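Here is the structure we will look at, set down as structure tokens.
The structure presented is a predicted model; accordingly, all values stated were derived computationally and were not measured.
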Amino acid sequence: MESAFFIGLQWFAIAFLLLMLYFALFERGLPYRVGRPPADPLDSQPFRLTLSALAGSELQPANKVEVLTNGEVFYEAEVQAIREAEDSIHLEAYIFQRGEVARRFLEALAERARAGVQVRVVLDAVGCFLTTRKYLAPLTEAGGHVEFYHPIRWHNLPRINNRTHRELLIIDGKVGFLGGAGFADHWLKPRGKKSRWRDTMFRIEGEVVRDMQSVFAENWLEASGRVLFDSRYFPRGEAKGPAEAMIVGSSPTAGKSTRNRMLYQTLLASAQKTIHIATPYFLPDRSARSELVRAIRERGVEVKIITPGRHADHLLTRRSSRRLYGDLLRAGAAIYEYKPSMLHAKILVVDGAWSVVGSTNFDNRSFGLNDEVNLAAYCPELAARLEEDFARDVAFSRNVSYGSWRRRPLFERGHELLGWLLERQQ
């Protein structure tokens, strides 16, 4: 009798896991429809207020946002900021991979921890699967605190697919960094025949840094069980620059919809002149594709998209992405595949005025599964700076024509079918 009970329990567990897998792979995504383009101009105060309300954040004036292009630039800026920390250092990352970059940051963090600076680190348990506590011991022994987000435990199984993909570094509550890059050598130097990855991070000062701290505090609580309650971590920011900006954090554990997805869809629906997208994983759902096509056909918006070329780090994802080009190319979108290396920058620029930068990829995993963080800014100066990098990346990319897309090989189309099955998980 007891044996039959345990056999039945095993079959129940298997059925439960298969049911979870089915919903993960085939559950319909939430449609995001904007009935008609907003009547308010993108530079108007009513549009700003509406967008910030949908994003669940507040636009903060007078922030300084510095664009840091590629690892040799942004890692140096981040390490320097850590060395100058006087009170606290808060870091959250999906990837913190053993190697030269990780060692350099561990040394800088440990030195500040020994000097009495409060160092708190949240690492994703899956993204940092091979980064052990033993490897991190130099930091913890110096007094730093390290926690793993959603470690792989039986009681975490219902949430195992929810990862923190946020890349955040906050110094003294006054200086923040966010963007697409984690901490690994492939962002800094070539590996064999593979060139270092193309990516962008952002150094931020101003009131908006306090909102970055708030996003960090959310996952620090989830990982450590402790509330980051102390006014020293949330100081008032000083007016530093021209960017009117807000921090948009997505935590899709409560339901299907996410703030960042609403932000993207609304900006796509509002564009009147240009939509420029750079993303490492371009898997737009039906709602996003329809909005891009409508922008081209109904309002004459110029749509340009840069994705990785043959140096993409996930071949199946690239094939899945290419499967979705057809509707966009037919409508007149320009799609480019970056040739020199893996493109990992995550940039959206609309009408040369609004910019969205951060950790969010243009795919379901970012929009519906992961915890993400973005900075959305109304700042023509920032947009112009991002457009400089965008134009340079286009120059190093191959334009994909509709004809060449239709002539892609049969074996590639077959690979796309497998990608279609796993598309919502990529």
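- Listed for the Asp172 side chain is a donor-acceptor partner under 3.5 Å among the backbone atoms of Ser88.
- With hydrogens and angles disregarded, a donor-acceptor distance shorter than 3.5 Å links the side chain of Ser287 to the backbone of Tyr32.
- Contact check on Glu66 versus Lys64 returns no salt bridge, with no Lys/Arg side-chain nitrogen under 4.0 Å from an Asp/Glu carboxylate oxygen.
- Ion pairing between a basic and an acidic side chain is recognised when a charged N comes within 4.0 Å of a carboxylate O; Arg120 and Glu92 show no such pairing.
- Under the 3.5 Å distance criterion, the side-chain polar atoms of Asp185 are matched with a main-chain donor or acceptor of Glu100.
- With salt bridges taken as basic N to acidic carboxylate O contacts below 4.0 Å, one links Glu76 and Arg104.
- Geometrically, Arg408 engages Trp405 in a cation-pi contact, judged by NZ or CZ lying under 6.0 Å from the ring centre and within 45° of the ring axis.
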*Passes ring-ring contact (aromatic ring centres under 6.0 Å, His included), Phe362 versus Tyr264? Steps please.*
CA-CA 9 Å; Phe362 215 102; Tyr264 272 70; 5.7 Å; yes
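- Relative to the ring axis of Phe234, Arg210 does not place its NZ or CZ within 45° and under 6.0 Å from the centre.
- Between Arg289 and Asp285 no salt bridge is recorded (no basic side-chain N to carboxylate O distance below 4.0 Å).
- Remark: the backbone N or O of Phe96 is paired with a side-chain donor or acceptor of Thr131 at under 3.5 angstrom.
- Taking the centre and axis of the six-membered ring of Tyr94, the NZ or CZ atom of Arg166 falls outside the cone set by 45° and 6.0 Å.
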